[in-house]
**Student:** 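Supplied in structure tokens, the structure appears directly below.
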Amino acid sequence: MIQLSERAFGRMPDGQDVVEYTLDNGRGLKVSAINYGGIVTALHVPDRDGRSSNIVLDLPTLADYVERNPNFGTIVGRFANRLAGGRFEIDSVKHQVSLNNGPNSLHGGNRGFGKRWWHMAPVQHEGATALELRYTSADGEEGYPGEMRVMVRYSLGAEANEWRIDYQAACDAPTIVNLSHHGYFNLGGTGSILDHRLTLHASRYSPVDATLIPTGLANVDGTPFDFRLPATIGARIRQAHPQLLTAKGYDHNWVLDRTDAGSNGLSLAARVEHDPSGRAIEVWTTEPGVQFYSGNFLDGSLAGSAGVVWRQGDGLCLETQHFPDSPNHPDFPSTTLRPGEVFRSCTVHRFGVF
């Protein structure tokens with residue numbers, strides 16, 4: 001049975017109260033989230049000895065999340081990842097959104113979904129308690145056309161250690177949508193993730209230009225981007241490959257093979273293993289791609305709630321999503337959403353030991 005608890009987490013500068021809810025499946029898996037940015041503030045997972053630890057990077061206070069959060073645990077949108085020049089076109093109409101990443105727009109702009117107050121409440125879903133977050137993005141917010149109504153639901157497996165994220169969106173005018181979650185994982189709780197063993201079920205990836213915008217698609221064969229067989233993240237990250245030099249590590253989109261997609265649309269995207277703890281995570285998704293980011297820009301200027309300083313390579317992200325800059329690449333899967341349509345997406349994190 002899923003247990004629910006809540007506590008006050010602080011107050012926004014505009015006076016809105018922020019609450020942290022925690023779901024606990026009684027099997028060592030707990031997820032805590034707040035209604036600012038839908039941020040997952042903690043994710044406790046048991047190791048091979050049954051000891052649970054928080055395996056996501058966090059910050060100590062609400063003020064830290066508001067003032068200097070590098071997207072730890074956030075919902076990202078309207079458009080996750082980058083848009084070149086912040087520009088796109090729908091039905092021959094050109095749109096310009098806010099720029100916040102050099103010449104580009106990243107994760108929805110200056111105040112994307114990860115910097116918004118969401119309505120969050122417990123709900124009953126499939127006979128168990130879940131957390132449902134809702135947000136209405138106004139027409140013209142950050143430059144995006146049309147009003148968009150968004151629902152995100154966090155739920156836990158009662159019998160298995162699974163954390164599921166369901167996304168849903170609808171609009172009243174043609175727009176674009178790409179929703180994801182930006183958790184930074186560290187299966188050891190602290191230390192480097194370069195010793196984590198990663199498998200990505202992807203035969204292609206997206207090379208990027210100097211501003212990390214995709215230039216197309218390429219095969220992973222013979223490159224440091226081939227994770228079809230398990231390899232430690234640190235094994236090839238310091239190779240003098242032009243793409244690793246450009247991104248200062250891994251910060252690329254992988255095109256999922258999706259050969260194992262079932263009737264529910266879920267396909268295995270990635271598996272990560274950590275030998276010292278015995279923890280493992282599998283990421284299953286309905287999305288066509290996953291952005292693997294190796295925490296390249298963590299610079300030691302932030303510390304977590306336990307007083308640990310977060311440095312380069314201390315966390316990894318596996319952001320299931322559509323490809324970066326998709327609206328400007330006709331050969332990429334479409335991210336256009338029209339009135340009367342409903343965007344739906346699902347990602348499941350399955351935790352275990354080995």
Side-chain angles (χ1 to χ4, degrees), residues 31 39-48 51-59 69-74 76 161 163 180-202 205 212 220 223-239 241 243-245 247-254 268-283 285 290-321 347 349-354:
V31 61
I39 293 170
V40 170
T41 54
L43 179 63
H44 287 83
V45 175
D47 64 10
R48 64 164 61 91
R51 295 187 297 259
S52 286
S53 298
N54 181 26
I55 64 160
V56 294
L57 274 56
D58 68 354
L59 295 172
N69 183 20
N71 280 301
F72 283 1
T74 59
V76 284
N161 278 347
W163 169 41
S180 189
H181 187 268
H182 206 289
Y184 283 69
F185 294 100
N186 184 315
L187 295 185
T190 59
S192 175
I193 52 86
L194 296 185
D195 65 346
H196 287 38
R197 194 163 43 251
L198 173 66
T199 307
L200 291 173
H201 293 267
Y205 80 106
L212 304 184
V220 300
T223 75
F225 295 84
D226 190 351
F227 285 93
R228 289 173 294 181
L229 295 177
T232 59
I233 292 169
R236 295 166 294 185
I237 198 170
R238 301 194 187 281
Q239 289 186 9
H241 190 283
Q243 285 294 304
L244 293 176
L245 295 174
K248 297 180 173 59
Y250 295 106
D251 192 3
H252 297 75
N253 168 68
W254 270 256
L268 181 59
R271 178 179 172 87
V272 185
E273 298 174 338
H274 180 243
D275 285 333
S277 68
R279 291 189 181 95
I281 175 176
E282 289 185 349
V283 181
T285 188
V290 60
Q291 183 87 5
F292 165 45
Y293 171 54
S294 54
N296 313 327
F297 297 104
L298 298 174
D299 60 5
S301 62
L302 297 173
S305 59
V308 176
V309 172
W310 303 126
R311 301 187 185 279
Q312 186 180 54
D314 280 355
L316 68 93
C317 301
L318 294 167
E319 305 156 60
T320 55
Q321 57 191 244
T347 293
H349 306 80
R350 296 177 179 169
F351 302 99
V353 295
F354 64 96

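Keep in mind that the numbers below use all heavy atoms, side chains included, and drop hydrogens, waters and symmetry copies.
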**Student:** Could you check, using the six-membered ring where one of them is a Trp, whether W254 and F292 have ring centers closer than 6.0 angstrom?
**Tutor:**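 That pair passes the under 6.0 Å test.
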**Student:** If you take all heavy atoms of R228 and A202, which pair is closest and at what distance?
**Tutor:**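 For R228 versus A202, the nearest heavy atoms are CG-O, 3.4 Å.
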**Student:** Side chain of N71, backbone of T74: donor and acceptor closer than 3.5 Å?
**Tutor:**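 Such a contact is absent between N71 side chain and T74 backbone.
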**Student:** Please find the pair of heavy atoms, one from R236 and one from L244, that lie closest to each other, and give the distance.
**Tutor:**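 Answer, listing the atom of R236 first, then L244: O-CD1, 3.2 Å.
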**Student:** How far does CD1 of I193 sit from NE2 of H274, to the nearest 0.5 angstrom?
**Tutor:**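 Separation between the atoms: 10.5 Å.
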**Student:** State, with a plain yes or no, whether a side-chain heavy atom of V283 is found less than 4.5 Å away from one of V290.
**Tutor:**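 No, their side chains stay 4.5 Å or more apart.
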**Student:** Are V40 and V31 close enough that some pair of their side-chain heavy atoms sits under 4.5 Å apart?
**Tutor:**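 Of all side-chain heavy-atom pairs linking V31 with V40, at least one is under 4.5 Å.
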**Student:** Is atom CZ of R238 surrounded by more than 12 heavy atoms (other residues, nucleotides or ligands) closer than 6.0 Å?
**Tutor:**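 At most 12 heavy atoms, drawn from other residues, nucleotides or ligands, come within 6.0 Å of this atom.
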**Student:** Looking only at heavy atoms, what is the nearest atom pair of W310 and G189, with distance?
**Tutor:**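 For W310 and G189, the tightest heavy-atom pair comes out as CH2-O, 4.0 Å.
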**Student:** Tell me, with the steps shown, if F225 and H241 meet ring pair (Phe, Tyr, Trp, His ring centres under 6.0 Å).
**Tutor:** CA-CA 10 Å; F225 295 84; H241 190 283; 5.4 Å; yes
**Student:** Show me the donor-acceptor pairs within less than 3.5 Å that the side chains of residues 294-308 make with the rest of the protein, sequence neighbours left out.
**Tutor:**
residue	atom	partner	partner atom	Å
S294	OG	Y250	N	3.1
S294	OG	Y250	O	3.3
S294	OG	N296	OD1	2.4
N296	ND2	A247	O	3.0
N296	ND2	Y250	O	3.2
D299	OD1	S301	N	3.0
D299	OD1	S301	OG	2.5
S305	OG	D58	OD2	2.5

**Student:** In the structure I gave you, are the side-chain heavy atoms of V56 and F185 within less than 4.5 Å of one another anywhere?
**Tutor:**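 Yes - at least one pair of side-chain heavy atoms lies under 4.5 Å apart.
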**Student:** To the nearest 0.5 angstrom, please state how far the OG1 atom of T190 sits from the CG atom of L57.
**Tutor:**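 One gets 9.5 Å once the value is rounded to the nearest 0.5 Å.
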**Student:** Does R279 use its side chain to pair, donor to acceptor, with the backbone of N186 at less than 3.5 Å?
**Tutor:**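 A pair under 3.5 Å: no.
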**Student:** Counting only heavy atoms not in L245 (residues, nucleotides, ligands), do more than 12 fall under 6.0 Å from its CG?
**Tutor:**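 Yes, CG of L245 has more than 12 neighbouring heavy atoms, counting only those of other groups under 6.0 Å.
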**Student:** With a 3.5 Å distance limit and no angle check, can you tell me whether H349 reaches the backbone of I281 through a side-chain donor-acceptor pair?
**Tutor:**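 No, because the side chain of H349 does not come within donor-acceptor range (under 3.5 Å) of the backbone of I281.
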**Student:** Calculate, to the nearest 0.5 Å, the distance between atoms CD and OG belonging to Q321 and S180 respectively.
**Tutor:**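 Taking CD in Q321 and OG in S180, the distance rounds to 4.5 Å.
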**Student:** Looking at every heavy atom in both H201 and L268, which two are closest together, and how far apart are they?
**Tutor:**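 The pair with the smallest heavy-atom distance is NE2-CD2, 3.3 Å.
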**Student:** What do the steps show when you test D275 against F354 for side-chain contact (heavy atoms from CB on, under 4.5 Å), and what is the final call?
**Tutor:** CA-CA 8 Å; D275 285 333; F354 64 96; 3.3 Å; yes
**Student:** Within this structure, what is the CG-CD distance for the pair L318 and Q291, rounded to the nearest 0.5 Å?
**Tutor:**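 So the gap between those two atoms works out to 10.0 Å.
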**Student:** Rounded to the nearest 0.5 Å, how far does CZ of F351 lie from CD of E282?
**Tutor:**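 Going from the CD atom of E282 to the CZ atom of F351 covers 11.0 Å.
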**Student:** Please check if the side chain of N54 supplies one atom and the backbone of H44 the other of a donor-acceptor pair under 3.5 Å.
**Tutor:**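 Between the backbone of H44 and the side chain of N54 there is no qualifying donor-acceptor contact (under 3.5 Å).
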**Student:** Quick check: closest heavy atoms across D314 and V309, and the distance to 0.1 Å?
**Tutor:**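 Closest approach of D314 to V309: OD2-O, 3.5 Å.
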**Student:** How long is the span from the CG atom in L212 to the CD atom in Q243, to the nearest 0.5 Å?
**Tutor:**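 One gets 8.5 Å once the value is rounded to the nearest 0.5 Å.
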**Student:** How close do A270 and L200 get, heavy atom to heavy atom, and via which atoms?
**Tutor:**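 Scanning both residues, the minimum pair turns out to be CB-CD2, 3.6 Å.
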**Student:** Hey, are the side chains of W163 and L43 touching, using non-hydrogen atoms and a 4.5 Å cut-off?
**Tutor:**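 SC-SC contact between W163 and L43 confirmed.
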**Student:** Looking only at atom types and distance, does a side-chain atom of H181 sit under 3.5 Å from a main-chain N or O of G73, one as donor and one as acceptor?
**Tutor:**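 Answer holds: yes.
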**Student:** Check whether any side-chain N or O of T232 sits under 3.5 Å from a backbone N or O of D195 as a donor-acceptor pair, and report yes or no.
**Tutor:**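 Answer holds: no.
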**Student:** Mind running side-chain contact (heavy atoms from CB on, under 4.5 Å) on I39 and N69 for me, showing each step along the way?
**Tutor:** CA-CA 10 Å; I39 293 170; N69 183 20; 3.8 Å; yes
**Student:** Do H182 side-chain atoms and V76 backbone N/O form a donor-acceptor pair below 3.5 Å?
**Tutor:**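 Between the backbone of V76 and the side chain of H182 there is no qualifying donor-acceptor contact (under 3.5 Å).
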**Student:** Does R271 reach the main-chain N or O of R197 with its side chain, forming a donor-acceptor pair under 3.5 Å?
**Tutor:**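 Not a single qualifying donor-acceptor pair exists.
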